[in-house]
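When reading the values below, keep in mind they use all heavy atoms of this one structure, side chains included, and skip hydrogens, waters and symmetry mates. Residue numbers start from 1 in every chain, and the chains themselves are labelled A, B, ... in the order their sequence lines are given, proteins ahead of strands.
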Amino acid sequence: MGYIELMGISKSYNKQSNVLNGIDLTIEKGEFFVLVGPSGSGKSTLLRMIAGLEEISGGTLKISGEIVNHLPPKNRNLSMVFQNYALYPHLSVEQNILFGLHAKKIDKEIQRKRLEETAEMMGLSELLKRKPRELSGGQRQRVALARAVVSEAPLCLMDEPLSNLDAKLRANMRIEIRRLQKRLGLTMVYVTHDQVEAMTMGDRIMVLNDGIIQQVGEPIELYNKPANLFVATFIGSPKMNLGKAVLKDSKLLIENALEVPLEQMEVPTSLQNRDLVIGLRAEHMPHGSEQHQIQKVEIVNVEHLGNETLISFEVGTELWTAKWLGQWLVQVGDIVPIHISVENMCFFDADTGCLIQEAAFSQKQEVVSK
Amino acid sequence: MTMPISKKILFYFLLSIAALVVFAPALMAFVMSFMENKDIMTGTIPQSLSFDNYLKAFEQFPLLKYLFNSLVVSIVITIGQLVLSSLAAYAFVFLEFKGRDMLFFLFIATMMVPFEASIIPNFHIIRDLNWIDQYPGLTVPFFATAFGTFLLRQNFKQIPKELREASQIVGMGDFKFYLKVVLPVAKTSLVTLGAYGFLTSWNMYLWPLLSTTNDTVRTVQIGLKQLQTQEQLNDWGVIMSGAIIVIIPTLILLFLGQKQLQKGLTEGAIK
């Protein structure tokens, strides 16, 4: 039995259309669980329903075995960090951190002790007397975290806490939050629209789109075995290259432009005689060497990242991107050989968008890791 | 701003003239309050200036009593307005209930009803309550202000909703949140509304005239009027000195609160 259990949770604002539909989910104790999805997917709404800030239209929500559907937020024993930090502008850092303890009428001595510990942990000891407007973005973020930590609630909810920070600070805070969560053994539910955050921080990720769960799983699983085309394009950067494809005389014809021989790979019956969409990760298209399975493509864009080079080319109407390790001094317009092989491809059903078969390559990799 | 010096001189010259025109009546009143009645009537330049008129104003009329009444009435109205409109504004912003916006627009619509239109029903009510010649009769009808509620609502709306949610999570009730967070955060607007309420109630004339029949509760504006009509020949010097005394508190308040007043009144407009 999980720590948080959602059973058939749904939400509607106008009693007609649902913002969230039949969400079934179990979050374990001590887990870092990430809800990710594009804006408007309902992830924040779901978080706010767990917090008790938003009414639950249908279904059951349990926290540590107890049904909490109609419990007010304060009785759910949780803390929350908001995107804009929600610091009280007229209170000092110290008062902000102690705000919750004060409201819960916790003994002064204990308050003092917890404040010192938390401030020490978050590196805020020097800033306790300042007002929020005298702090930088990162410091404000820390105060907001400290407020969650000081409450000692076992469950912490975070609603896009890093989206107001610049990229460098964000990378730092990602690590800090992760370490904090592990050290305190918190159960964390973390909402973000940034798939990099989701991949790097989450023990498990749930991808949400249009109020419907797309996939729940570990980051690597989502990356290698995306359940449908939405997850395939949402997780990973650059996004997975997609193309319509058909099987034809032991060859795979992609977008009527690329012909990839199937070689000795046996073709499962599930792939035959149907419209397919194939997905191929950018890093699985290296520079083609002398070996077989080489396609010639014309480069339409080159991005030099220093340690790797992103090369874009057209396949039919789709724009594909390949990631080559190292620095390649190629120009737009060059024709380059590229290695494209069937064993790295994920196959999706063109009509439903669901995964039919994952890449053979990732199956091998799993064996290696076990 | 950079501006050629000639243009600057021209602008300041025009501004000074405009200021002088606007300020002229007050200036005249100020000068006249130091002049003898004879000089005022004949319009001659006074030979000497004296404080006699001020002494007379205090001797002939219970001016201090009037001032005290005005002060009590204004302060009570100010406090009443602040309390009621901040509570109403809180409800309009932070409490969610059906028809909230509708109710608010209805509330705002009352701004279009001039006070003069409601003066007769108001008078009936305070007469039936036996509040004639009493402080409640002078003050209570002014407690509810659509303008104040509107001003504070605009201000409260700028308080992020997350602050309310964060306090909900730690289990803080509405009233405590109102006291501990909303009021301190909206301090500027409260000061503005307070100053505004104080000034308007200090300058009130029609209502105190209607709802009072004797000197015990009359406010200073009525007193001023009495200075004028009690004698056959108006002693303008005394009247003007009375007027100067009356506007002093207003001026002090304006000078002290000018910046805040301006900031607070325009705050809702810019956003």
Side-chain angles (χ1 to χ4, degrees), chain A residues 13 44-45 47-55 68 71-92 95-106 111 131-133 140 143-148 150-153 155-161 164, chain B residues 82-83 86-87 89-91 93-102 151-194 257 259-260 263-264 267-268 270-271:
Chain A
Y13 286 105
S44 282
T45 309
L47 189 79
R48 291 161 55 82
M49 280 159 82
I50 297 175
L53 297 170
E54 202 87 58
E55 218 175 293
V68 295
L71 227 52
K74 61 170 175 169
N75 295 342
R76 298 188 184 194
N77 200 10
L78 48 83
S79 58
M80 187 159 173
V81 178
F82 295 87
Q83 180 175 2
N84 61 4
Y85 317 140
L87 300 180
Y88 300 102
H90 62 295
L91 299 178
S92 67
Q95 289 165 317
N96 258 300
I97 295 175
L98 289 177
F99 192 82
L101 302 187
H102 200 69
K104 283 182 179 155
K105 301 201 173 60
I106 284 169
Q111 281 192 22
K131 289 275 168 69
R133 66 165 175 278
R140 280 180 208 175
V143 178
L145 284 179
R147 204 162 61 176
V150 86
S151 73
E152 293 186 357
L155 172 61
C156 182
L157 309 177
M158 295 198 171
D159 191 357
E160 310 215 8
N164 286 353
Chain B
L82 285 179
V83 170
S86 62
L87 282 171
Y90 181 87
V93 174
F94 290 102
L95 302 185
E96 270 171 35
F97 52 89
K98 251 206 171 117
R100 181 179 71 172
D101 290 345
M102 194 59 221
L151 185 84
L152 291 182
R153 175 179 177 263
Q154 292 312 101
N155 194 256
F156 289 179
K157 274 180 102 167
Q158 289 171 31
I159 298 174
K161 248 180 101 181
E162 282 82 359
L163 290 189
R164 174 75 196 112
E165 285 167 355
S167 71
Q168 268 177 323
I169 281 172
V170 297
M172 189 175 246
D174 273 306
F175 191 66
K176 218 169 166 198
F177 178 70
Y178 161 78
L179 279 183
K180 293 230 158 153
V181 178
V182 175
L183 291 188
V185 170
K187 207 167 57 195
T188 324
S189 285
L190 291 174
V191 171
T192 310
L193 183 64
K259 224 174 182 176
Q260 294 242 313
K263 206 167 106 193
E267 205 165 34
I270 292 167
K271 252 228 134 158

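- Residue B/Lys161 places its NZ atom among 12 or fewer non-hydrogen atoms of other residues, nucleotides or ligands, all under 6.0 Å distant.
- One finds the CG atom of A/Leu53 at 9.5 Å from the CZ atom of B/Arg164 (value rounded to the nearest 0.5 Å).
- Heavy-atom distances place the side chain of A/Arg48, and not its backbone, under 4.5 Å from chain B.
- In plain terms, the two heavy atoms of A/Ala103 and B/Met172 that are nearest each other are CB-CE, 4.3 Å.
- Residues A/Phe99 and B/Ser167 come closest through the heavy atom pair CE2-CB, 4.1 Å.
- Rounded to the nearest 0.5 Å, atoms CD (A/Gln95) and NZ (B/Lys180) are 10.0 Å apart.
- The number of heavy-atom neighbours closer than 6.0 Å to NZ of B/Lys176, taken from other residues, nucleotides and ligands shown, is above 12.
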Dump the intermediate steps for side-chain contact (heavy atoms from CB on, under 4.5 Å) on A/Tyr88 and B/Leu163, then the final yes or no. CA-CA 7 Å; A/Tyr88 300 102; B/Leu163 290 189; 3.8 Å; yes
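- Here the straight-line distance linking atom CD of A/Gln83 with atom CD of B/Glu162 works out to 8.0 Å at 0.5 Å rounding.
- With sequence neighbours excluded, the residues forming a side-chain contact (heavy atoms from CB on, under 4.5 Å) with A/Ser151 are A/Ser79, A/Ala153, listed by chain and number.
- Not one N or O on the side chain of A/His90 forms a donor-acceptor pair closer than 3.5 Å with the backbone of B/Ala186.
- Of the atoms belonging to A/Leu87, it is backbone heavy atoms, and not side-chain ones, that fall under 4.5 Å from chain B.
- When all heavy atoms of B/Ile169 and A/Met80 are compared, the closest pair comes out as CD1-CB, 3.3 Å.
- In this structure, chain B has a heavy atom under 4.5 Å from the side chain of A/Phe82, while its backbone stays farther away.
- Contact of the A/Leu91 side chain with the B/Pro184 side chain is not registered, since no non-hydrogen atoms from C-beta on lie closer than 4.5 Å.
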